[in-house]
Enquirer: 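Please find one structure pasted underneath; my questions will follow.
Just the heavy atoms: all of them, side chains too, but no hydrogens, waters or symmetry mates, feed the values below. Throughout, protein chains are lettered first and strands after them, A, B, ... in sequence-line order, and every chain is numbered starting at 1.
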There are 2 protein chains.
Amino acid sequence: MQTNNVTIHDIAAALKIDSSTVSRALNNSPRVTQKTKQRIWAKAQEMGYQRNVLASNLRKNKTNTIGVIIPRISRFFFSSAIEGIEETAFENGYNVIMCQSLEKLERETNLVQTLVANRVDGIILSISMETLDYEHMELARKNGIPTVFFDRHCDIPGNNNVLLNDYQGSFDATDHLVSQGCRNIAHLAGPRDLKLYQNRFNGYKEALEKNGLPFQPDLVIDSNLMEEDGANAAQKILETLPQVDGIFSANDVAAVGAMQFLKGKNIKIPDEIAIVGFSNGPTSSVIDPALTTVDQSGKKMGRLATELLIKQINAKPIPLAPETIILEPTLIQRDSTQKKPTIHPNT
Amino acid sequence: MQTNNVTIHDIAAALKIDSSTVSRALNNSPRVTQKTKQRIWAKAQEMGYQRNVLASNLRKNKTNTIGVIIPRISRFFFSSAIEGIEETAFENGYNVIMCQSLEKLERETNLVQTLVANRVDGIILSISMETLDYEHMELARKNGIPTVFFDRHCDIPGNNNVLLNDYQGSFDATDHLVSQGCRNIAHLAGPRDLKLYQNRFNGYKEALEKNGLPFQPDLVIDSNLMEEDGANAAQKILETLPQVDGIFSANDVAAVGAMQFLKGKNIKIPDEIAIVGFSNGPTSSVIDPALTTVDQSGKKMGRLATELLIKQINAKPIPLAPETIILEPTLIQRDSTQKKPTIHPNT
DNA sequence: CTGTTAGCGCTTTCAG
DNA sequence: CTGAAAGCGCTAACAG
């Protein structure tokens, strides 16, 4: 039940050399002869030595750890993003410490403090729905900790971002609905404070214009886009907006809520009302095939964000110019006539 | 761009007192007078002091961090589990460092080493499909790091476990199919090496017996239960097992794969073939309502596992007797006649 | 209640 | 190429 306590000093003593040489050998420094390295490695193995990462970190003032803050892990988009982050970090020898803001700014602020206090080497962040500015990120900036925002972001210049082209995706989605014959397309919109939802709204609006359809403000239903909100919106549509023949939802959660409600009322999807939702790719495989989705590809965004962050970390102390990477979304359309569903790898 | 370097010595110097007093005050020790505490806190605030967690950790040989190893984050069951873990850890002042084994034993072994090297206070683990023993966990045991296994486990005594009653869940699921009139129930089975899948298989088999139905070995289809496997199994059933009128899948991923394949062939679910799959609760809200599921409630398991782990951590150095917590699963049955789908909170 | 002292285990000058 | 020595920032005896 004892902690395994063999230190570099123990192995130095056993070999009658100095601990600094041991340290160098274990770090594979070129300034130690191959022969002594071999002896040291062998001894270390034999004695079951394990580097005390804490001490090493303290001395180097570096933790080899990336901090990640996202609103909620169990949302598929974010868990895929984390999957990408974790894999990329792992490949590059970084650990990941992961936290959820649960959409609360206060929690997010605390988490940034914790991460800074834990001396993470960098932070990847997807801001909460309550976050309207980057004031709480000052702390990270002051401590020289590089940060990459992904998916959700405020529109302040000078930051690293990995984003989806929300405008284009929404434009395409709406355009798709029009091409399917929809003429009165409702929009389930998210909080307009978030740039992301603003962009999705704009894409919707301009696709209507481009197709010569009038923008009807009463067809825009605002909410936080939870499943319940989607169901409520669907109910509202059935009861008060009979002309609606298509729905563009700013996320998949609300889209599913709406779809299930409508199906419960025996409305045929997409024949009577067509639905398109923004969504993370693989999710769609468990979503009804009747639902067309705009692929958010969280895993790819996670990978890109991590690569960018590591680039910035390695650039220290001379910081690189901030970068913004914009991914183009793809429309994924499936239906029950398809022979085989899109397969995703056990996710 | 400079690291913020105010230490307890700086604030001690500014106040012309000793750094140890500062340390005590900042840890709110009762052995410092309220008045000096106040002065110290004020000064700390003023100078923008931030405790160096690394140094503190090194000194205390404790990191206030829990390590989590799961097969794959983006699987909904695991991301919900992590959600529960993270929330419980956060409430108790712990950080979470999270890693994926990607179902590889080698990776899992490496990760345990990394976590031990990082001096995590405890480990929560759901073993990979390749893991057949706990040999690689010796390292954690030797270093006195408590461990809790959840969901997937080997059947070796003396460990902390948080499990689902897989046997009962499978029994109930199969029983349910029989009560719906199914007489030839196929079973999509997972790797029999994993206790979990063995139990699910046993529940299936004994439910058949109890209902006076013969166990037909050729109706058991083995695979790794990916979506593709489910689709393949469904194809096999259509082509070579026409008598099948019900499917019990050992997980939801394969169940969805099978269901979507069958729907593509215009088979009515559940009228022509009924399907029940083991699944994490909230997932079911995005799964077709025709699919009945056995609720795995990942978040609850995550919470329980973390609570148990923290209990064990706090019990050090005298370890508590290992505990096994077994959750009873519930059958969740929905259908399109239901007025409203099960709502889940934006997950 | 506060100060003194001695490290936690490692890395990194600086000498030789 | 290796050794000696100092110290990262904090905590925890032990005195007083």
Enquirer: Between D:dT11 and B:Ser20, is there an OP1 or OP2 to side-chain N/O distance shorter than 4.0 Å?
Expert: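 For D:dT11, OP1/OP2 do not have a side-chain N/O of B:Ser20 under 4.0 Å.
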
Enquirer: For the atom pair CG (A:Asn118) and CD (A:Gln113), what is the distance rounded to the nearest 0.5 Å?
Expert: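 One finds 12.0 Å between CG of A:Asn118 and CD of A:Gln113.
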
Enquirer: Rounded off to whole Å, could you give me the CG-to-C1' distance for the A:Asn28 and C:dT11 pair?
Expert: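 It is 16 Å, rounded to the nearest whole Å.
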
Enquirer: Roughly how far, to the nearest 0.5 Å, is the CD atom of B:Gln100 from the CD1 atom of B:Ile82?
Expert: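 B:Ile82 CD1 to B:Gln100 CD: 8.0 Å, rounded to 0.5 Å.
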
Enquirer: In whole Å, I'd like the distance from the CD1 atom of A:Ile40 to the C1' atom of D:dG3.
Expert: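 The distance from CD1 of A:Ile40 to C1' of D:dG3 comes to 12 Å, rounded to the nearest Å.
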
Enquirer: Which part of the nucleic acid does A:Asn57 contact within heavy-atom distance under 4.0 Å: base, sugar-phosphate only, or nothing?
Expert: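 No contact.
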
Enquirer: Are OP1 or OP2 of D:dT11 and a side-chain N or O of B:Asn27 less than 4.0 angstrom apart?
Expert: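 The answer is yes; a side-chain N or O of B:Asn27 sits under 4.0 Å from OP1 or OP2.
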
Enquirer: A:Asn52 has an atom CG; how far is it from atom C1' of C:dG7, in whole Å?
Expert: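 Rounded to whole Å, this separation is 14 Å.
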
Enquirer: Starting the side chain at C-beta, find the nucleotide from C:dT12, D:dG9, C:dG9 nearest to A:Ala55.
Expert: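 So the side chain of A:Ala55 is nearest to C:dG9.
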
Enquirer: Given the ring of A:Phe90, does B:Arg107 sit roughly above its face, with NZ or CZ under 6.0 Å from the centre of the six-membered ring and within 45° of the axis?
Expert: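 Flagged: B:Arg107 positioned over aromatic ring of A:Phe90.
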
Enquirer: Can you tell me how far P of D:dT11 sits from CD1 of B:Ile8, to the nearest Å?
Expert: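 Going from CD1 in B:Ile8 over to P in D:dT11 covers 6 Å.
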
Enquirer: Check every strand shown and say whether B:Leu54 touches a base, only sugar-phosphate, or nothing at a heavy-atom separation below 4.0 Å.
Expert: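 Nothing, no nucleic acid heavy atom in range.
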
Enquirer: Send over the distance from A:Gln38 CD to D:dC1 C1', rounded to a whole Å.
Expert: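 Nearest whole value for this atom pair: 16 Å.
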
Enquirer: Can you find a side chain N or O atom of A:Thr21 that sits less than 4.0 Å from OP1 or OP2 on D:dG3?
Expert: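 Checking A:Thr21 against D:dG3: at least one side-chain N or O falls below 4.0 Å of OP1 or OP2.
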
Enquirer: Below the 4.0 Å mark, does C:dT2 have OP1 or OP2 next to a side-chain nitrogen or oxygen of B:Thr36?
Expert: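 Affirmative; the distance criterion is met.
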
Enquirer: What's the closest nucleotide to the A:Arg31 side chain, out of D:dT2, C:dT12, C:dC10?
Expert: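 Minimum distance to the A:Arg31 side chain belongs to D:dT2.
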
Enquirer: Quick one: is B:Arg51 getting a side-chain N or O under 4.0 Å of the D:dT11 phosphate, OP1 or OP2?
Expert: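 Result: yes.
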
Enquirer: Could you give the NZ-to-C1' distance, from A:Lys16 to D:dT2, as a whole number of Å?
Expert: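 Distance, rounded to whole Å: 17 Å.
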
Enquirer: Could you tell me whether a side-chain N or O of B:Ser29 sits under 3.5 Å from a main-chain N or O of B:Ala25, the two making a donor and an acceptor?
Expert: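 It does not hold such a pair.
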
Enquirer: For DNA chain C, whose closest nucleotide is more 5', that of B:Leu58 or that of B:Pro30?
Expert: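 On the 5' side of the pair lies B:Pro30.
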
Enquirer: Which of the following nucleotides, C:dT4, C:dT2, D:dG9, is nearest to the side chain of B:Val32?
Expert: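 Of the options given, the side chain of B:Val32 lies nearest C:dT2.
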
Enquirer: I'd like to know if A:Arg24 reaches the base of D:dG3 with its side chain, counting only an N/O donor and acceptor under 3.5 Å.
Expert: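 Between D:dG3 and A:Arg24, which were checked side chain against base, a qualifying N/O pair under 3.5 Å is present.
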
Enquirer: Over how many whole Å does the gap from A:Ile17 atom CD1 to D:dA4 atom C1' extend?
Expert: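 Result: 14 Å.
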
Enquirer: On DNA chain C, does the nearest nucleotide to A:Asp18 precede the nearest nucleotide to B:Ser19 from the 5' side, or the other way round? Give the residue.
Expert: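 By nearest-heavy-atom nucleotide position, the 5'-most residue is B:Ser19.
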
Enquirer: D:dT11 P sits how many Å from B:Asn64 CG, rounded?
Expert: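 Distance check: B:Asn64 CG to D:dT11 P gives 12 Å.
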
Enquirer: So, OP1 or OP2 of C:dC10: does either fall under 4.0 Å of a side-chain N or O from A:Ser23?
Expert: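 Negative; the distance criterion is not met.
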
Enquirer: Using the side-chain heavy atoms of B:Arg59, tell me which of these nucleotides is nearest: D:dC10, C:dT11, D:dT11.
Expert: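 Out of D:dC10, C:dT11, D:dT11, the nucleotide with an atom closest to B:Arg59's side chain is D:dT11.
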
Enquirer: Can you tell me how far the CZ atom of A:Arg51 sits from the CG atom of A:Leu26, to the nearest 0.5 Å?
Expert: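 So the gap between those two atoms works out to 6.5 Å.
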
Enquirer: Is the positively charged end of B:Arg141 above the ring of B:Tyr134, judged by distance under 6.0 angstrom from the centroid and angle within 45° of the axis?
Expert: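 No.
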
